[in-house]
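Scroll down for the structure; my scribbles are underneath it.
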Amino acid sequence: MQDINLYEKIIMYDDKFPVKLGVTKKEGMAPETLLFSNHWHEHLELWYLEEGAVNISHNGRPAVIHGGDLAIANSNELHAAYSTSETLRYFCIIIDPKFFATELGQGHFVFHNIISGDAAIKGFFEEIFEEYQAHAVGYDMAIKAKLYELLVYLVRNHISRQITQEEYVARANKLERILPAVQYIETHYNAEISYSELAQLLNVSKYHFCHLFKEATGKTVVQYINDVRLDKAYHLLKNTDMNITQISMSVGFNDMNYFSRLFRKQKNIPPSKVRSQETRTL
């Protein structure tokens, strides 16, 4: 299986406009279509879903968002997403940290990952992308002005916490440190994985590895591995005719009862009900 490079180097081609914008509309999609695999970067990524439903995770914490919701990937956060509806329309803004670092101080803001029911955010995105699509004279200045407004609004209303420059650097270093282990789990989730082999990838002791991993991801190694396996199982349940026992074995669970208990706890639905579950369409 091909290795996954989880770190994404985002290149901004214009230092005076260190922002990337995109509008995407997809139709006729199969359930659980991969939109982007687990990755991270230093940039702030704002993902506004106008239509449809998406299963998105931040640092291994899954959530389902619907039309009108904003998902935010903070700097140095692992994030991935699958569609859960046939039709999607979303807007994406990727912002270089230096775009707002000077104006908002030397600290780094950590925003809530999911923001729902905020009509003001919808207005900001509509105005930004109207300028982007019209491309009239001065559109870049207009977009930057609107982005500043949006960022100030998020800072005043949707901050989870603020971290210092030292914490920011430490966080990035921890994530980079465990990447070989995360990559290994992503590609060997269906095999037996020991703490020893993961620790060897980092050239540290098992104890030190477990400590590093929990600090970087907020989860124990077992929790993280199980979450990866359960996400793969959900995808197989939605997109194949394999029975539950086959799926349980194929993603690395040897105990069907244990698999079913974990699946129900994480997904709030037993695996036997997934195929009959109606997809919410907005």
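The figures that follow rest on heavy atoms only: side chains count, while hydrogens, waters and symmetry mates do not.
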Taking side chain as C-beta onward, heavy atoms only, is [X] less than 4.5 Å from [Y]?
X: Leu88; Y: Leu35; answer: yes
X: Tyr189; Y: Leu230; answer: no
X: Phe213; Y: Leu202; answer: no
X: Glu51; Y: Lys25; answer: yes
X: Met29; Y: Ser85; answer: no
X: Ser83; Y: Lys26; answer: no
X: Ser260; Y: Met256; answer: yes
X: His158; Y: Asp118; answer: yes

Inset, instruction - Classify the angle between the aromatic ring planes of Phe129 and Phe91 as parallel (below 30°), tilted (30 to 60°) or perpendicular (above 60°). - result: tilted
Inset, instruction - Measure the acute angle between the ring planes of Tyr234 and Phe263, then classify it against the limits of 30° and 60° as parallel, tilted or perpendicular. - result: parallel
Legend entry - Tyr132 side chain vs Leu21 backbone, donor-acceptor pair below 3.5 Å: yes
Inset, instruction - Kindly say whether Ile244 contributes a backbone atom to a donor-acceptor pair with the side chain of Ser248 at under 3.5 angstrom? - result: no
Inset, instruction - Could you point out which residue of Leu46, Ile65, Leu154, Asn157 forms a side chain to side chain contact (heavy atoms under 4.5 Å, CB included) with Ile115? - result: Leu154
What is the minimum heavy-atom distance between [X] and [Y], and which atoms define it?
X: Leu34; Y: Ala81; value: CD1-O, 3.7 Å
X: Ala181; Y: Leu201; value: CA-CD1, 4.2 Å
X: Phe253; Y: Asn226; value: CE2-OD1, 3.4 Å

Legend entry - Arg89: partners by salt bridge (charged side-chain N to carboxylate O under 4.0 Å, His left out), with sequence neighbours left out: Glu50
Atom [atom1] of [X]: over 12 foreign heavy atoms under 6.0 Å:
X: Lys206; atom1: NZ; result: no
X: Glu176; atom1: CD; result: no
X: Met141; atom1: CE; result: no

Please determine, by modelled atom types, if [X] and [Y] share a side-chain donor-acceptor pair under 3.5 angstrom.
X: Asn113; Y: His79; result: no
X: Asp231; Y: Tyr82; result: no
X: Thr217; Y: Asn59; result: no

